[in-house]
Amino acid sequence: MKKPSEVFIEPRRAVGIRDEKIYGHFLEHFHRQIYGGIYAPDSPLADERGFRKDVIDALKEISPAIIRWPGGCYVSAYHWKDGVGKKRQPAYDKAWRVEETNEFGTDEYIDFCRQLQTEPYICTNAGSGTQEEMSDWVEYCNLKNEGKWAKLRIENGHTEPFAVKYWSIGNENYYDSEIGAKSLEEWGRYVKEAAKMMKRVDPSIELLAASTADLDWNINLLREAGEWLDWISIHDYWDVLDQKNEPSDYETCMVKSLRTGEKIAKAKNILGSLGYLGKIRIAFDEWNLRGWHHPNINSKTEDYLTPRDKNDINSTYTMAVFTGGFLNECLRNCDVVGMANFAPTVNTRGMIYTHENGIVLRPTYFVFELYTKYMGDTVVDSWVLGNDTFEAEKDGTTTEIPALDIAATIDSQEKNLRVSMVNKHPDQKAEVSLHAFAIENYSSVKIYTVWGESKDAFNDIGINQVKILENTLVLNSTAQQTIELLPHSVNVLVFCR
């Protein structure tokens, strides 16, 4: 008989305090994320401001701590001044090759964040834009009444400053495909001058800069601008689908899930080697398993718009397990990762899908519901002995995948233990022998599980295969308890006295 995997938790040994911004989100002016996503003034489901009420309600349920906007690649050719005021002119979006109406701009974004009581996080144009344009944006949002940009905000009906704390200089400017891409030598100097101007306007803001887990890029960035920065920004999509919309199968995605910590580790080591560990934090401010599908973007003749509809095929979105594993990675690295933004929030590869009669909550939505509602804020030490494994084969290579992925926390208000356990095994339950030096203080455990019968279960219009299950288990009087986890499941255990 196979022995259970042994999970050990030491609640007296804290790893660090997790920042709630690791449960953040992201919106870009791409396909139906903004128009027809969160913002649809002509819809009967919209409020008087034009926001979809069902989307607002769904987001309130998971309390996103921060939302990044307006991009993404879009921002590298976006000029914010076109999107404020009463007389807005459409502009051609050079990133995605569509017309942007500019109907949704800074004022609408701030209104959206205020309705959700979430922190706004603005990414600035470091592609075709200038450092002065960035600092003007800070003036518009944060100065009380000094200068023409704060006065313009007041003229636009917003007497009080927006007080936007988080600002990113650029987006993926290291890629040649990005509008206004920069060399590593150019980038460090550009960021320094932008940061200088932005913090001269408001010294209280926190600045991020587009980064990548590359030694040479970061040496130049941090030597030039490190003293001005509070964060570096890294991105990843592990299942790249930009040209071909052929999503990897479950087992292949579980192989990819073993790599979620690679960029974090590299960025952390680079920060440490340059003396910035503990001074500059990592924001994983654009991430998702599946990359966005947008083929033919440079084509003269091929259709580049219609294929984007494939992003909205709901049967594609089955990988709650990957999401749980990524969030566990952020928790385990809470000493350095302070922000993570799931990309995007709505439509495309988002956790919410909108249609004319309502919304679909994709499986990933329920993972965020579990973590935001039930996980604690103090991450404590945990480890697995005898972790069961399963094999995944891809392109002739066989990989052994540990089935269990765990992170343990203490809730500082309730003073109780909360543990996330992801069972990656596609078709076998996981039997877990749970040890905790303080487990005898608890009488029961509530288990919240995101699960569907099939590893490929999904939600769609009229189809609700994935949901949250709830169960309560009475604990025995010893310091050891055996718990059974469903296959391909994400679980949060809340211990009760």
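Every heavy atom of this structure was used, including side-chain atoms; hydrogens, water molecules and symmetry mates were not.
Comment: R290 engages D239 in a salt bridge, judged by a side-chain N to carboxylate O separation of less than 4.0 angstrom. Ion pairing of E431 with K3 is absent here, as no side-chain N (NZ or NE/NH1/NH2) approaches a carboxylate O to less than 4.0 Å. Using a cutoff of 4.0 Å between basic side-chain nitrogens and carboxylate oxygens, K165 and E119 are not scored as salt-bridged. We find that K373 and E61 are joined by a salt bridge, their nearest charged nitrogen and carboxylate oxygen being less than 4.0 Å apart. Using a 4.0 Å cut-off between charged side-chain N and carboxylate O, R332 and D405 make a salt bridge. Under the 4.0 Å criterion applied to side-chain N and carboxylate O atoms, D19 and R281 are assigned as salt-bridge partners. Electrostatic pairing of E246 and K244 does not count as a salt bridge here, judged by no charged N lying under 4.0 Å from a carboxylate O.
No side-chain donor-acceptor contact under 3.5 Å links H25 to the backbone of N341. Proximity of a side-chain donor or acceptor of Y442 to a complementary backbone N or O of L417 within less than 3.5 Å is detected. Remark: the backbone N or O of I62 is paired with a side-chain donor or acceptor of T372 at under 3.5 angstrom. A side-chain donor-acceptor contact under 3.5 Å links N347 to the backbone of T354. In this structure, S444 contributes its side chain and V474 its backbone to no donor-acceptor pair below 3.5 Å. With hydrogens and angles ignored, the 3.5 Å screen pairs a side-chain donor or acceptor of N423 with a backbone N or O of L486. Using modelled atom types, no side-chain atom of N333 and backbone atom of V337 make a donor-acceptor pair closer than 3.5 Å. In this structure, D427 contributes its side chain and P487 its backbone to no donor-acceptor pair below 3.5 Å. At distances below 3.5 Å, not a single donor-acceptor pair connects side-chain atoms of K310 with backbone N or O atoms of P307. Within the 3.5 Å criterion, the main-chain N or O of A46 finds no donor-acceptor partner in the side chain of R52.
With a 4.5 Å cut-off on side-chain heavy atoms, I359 and V55 count as touching. In this structure the side chain of N142 reaches within 4.5 angstrom of the side chain of I205, judged on heavy atoms. At a threshold of 4.5 Å between non-hydrogen side-chain atoms, the residues I447 and I483 count as touching. Counting heavy atoms from C-beta on, the side chains of M421 and I406 come closer than 4.5 Å. Contact check for V380 versus I9: side-chain heavy atoms found under the 4.5 Å cut-off. You'll find the side chain of H488 stays beyond 4.5 Å of the side chain of K424, heavy atoms only. Looking at V191 and W228, their side chains never come closer than 4.5 Å, going by heavy atoms from C-beta outward. Looking at L207 and W231, their side chains never come closer than 4.5 Å, going by heavy atoms from C-beta outward.
In the model, E28 has a side-chain atom that pairs as donor or acceptor with a side-chain atom of W96 under 3.5 Å. E6 and S433 share no donor-acceptor pair across their side chains, judged by distance under 3.5 Å alone. Between D285 and H235, the side chains place a donor N or O and an acceptor N or O closer than 3.5 Å (distance only, hydrogens not considered). With 3.5 Å as the limit, one finds no donor-acceptor pair spanning the side chains of E369 and Y448. Donor-acceptor pairing under 3.5 Å is recorded for the side chains of N171 and E178. Remark: the N328 side chain and the Y371 side chain contain an N/O donor-acceptor pair separated by less than 3.5 Å. Side chains of R497 and N441: no donor on one and acceptor on the other come within 3.5 Å. Using a 3.5 Å distance cut-off with no hydrogens or angles, the side chains of E206 and W167 do not pair a donor with an acceptor. When only modelled atom types and interatomic distance are considered, Y166 and R68 share no side-chain donor-acceptor pair under 3.5 Å. H294 and N311 form no side-chain donor-acceptor contact under 3.5 Å, judged by distance and modelled atom types alone. For the 3.5 Å distance criterion, the side chains of D456 and T318 fail to qualify, holding no donor opposite an acceptor. A side-chain donor-acceptor contact under 3.5 Å links N491 and S489.
One distance of note links OG1 of T399 with CE of M254; it measures 12.5 Å at 0.5 Å rounding. Taking CZ from R18 and CD from E20, the interatomic distance works out to 6.0 Å, rounded to the nearest 0.5 Å. A distance of 7.5 Å separates CD of E10 from CG of D381, quoted to the nearest 0.5 Å. With rounding to the nearest 0.5 angstrom, the CG atom of L485 is 9.5 Å from the OG atom of S5. Atom CG of D460 sits about 10.0 Å away from atom CD1 of I313, to the nearest 0.5 Å. Note: D312 CG to R349 CZ = 9.0 Å, rounded to the nearest 0.5 Å.
In this pair, W287 and W238 present their aromatic rings perpendicular. The plane angle is above 60°, beyond the 30 to 60° band.
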Practice task
Would you please test D377 and T409 for side-chain hydrogen bond (donor to acceptor under 3.5 Å, both in side chains) and show each step?
Solution key: CA-CA 6 Å; D377 53 354; T409 63; over 6 Å; no

Exercise for the section: Please test D214 against T212 for side-chain hydrogen bond (donor to acceptor under 3.5 Å, both in side chains), starting from the C-alpha separation and ending with a verdict. Expected result: CA-CA 5 Å; D214 175 80; T212 184; over 6 Å; no

Exercise for the section: Begin with the C-alpha distance, continue with both residues' side-chain angles, and end with the deciding distance and a verdict on side-chain contact (heavy atoms from CB on, under 4.5 Å) for Q428 and F390. Expected result: CA-CA 10 Å; Q428 290 184 17; F390 62 96; over 6 Å; no

Problem - side-chain hydrogen bond (donor to acceptor under 3.5 Å, both in side chains) evaluation trace for S233 with S168 - result: CA-CA 8 Å; S233 156; S168 177; 5.0 Å; no

Practice task
Could you go through the side-chain contact (heavy atoms from CB on, under 4.5 Å) check for W69 and Y121 one step at a time?
Solution key: CA-CA 6 Å; W69 171 88; Y121 164 25; over 6 Å; no

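Heavy-atom contacts from other residues, nucleotides or ligands closer than 6.0 Å to CD of Q413 number 12 or fewer. Sparse packing is recorded around CD of E453, with 12 or fewer heavy atoms of other residues, nucleotides or ligands lying under 6.0 Å away.
Listed by chain and residue number, nothing satisfies the ring-ring contact (aromatic ring centres under 6.0 Å, His included) test with H293 (two or more places apart in sequence, or in another chain). In this view, Y35 and H29 satisfy the ring-ring contact (aromatic ring centres under 6.0 Å, His included) rule, not counting sequence neighbours. Applying the ring-ring contact (aromatic ring centres under 6.0 Å, His included) test to Y175 and every residue at least two apart in sequence or in another chain returns nothing.
In summary, the aromatic rings of F112 and F51 are positioned with their centroids under 6.0 Å apart. Between F342 and F26, the distance separating the two ring centers is not shorter than 6.0 angstrom. Between F326 and F284, the ring centre distance stays below 6.0 Å.
Both cation-pi conditions hold for R362 and Y317: the charged atom is under 6.0 angstrom from the six-membered ring centre and inside a 45 degree cone around its axis.
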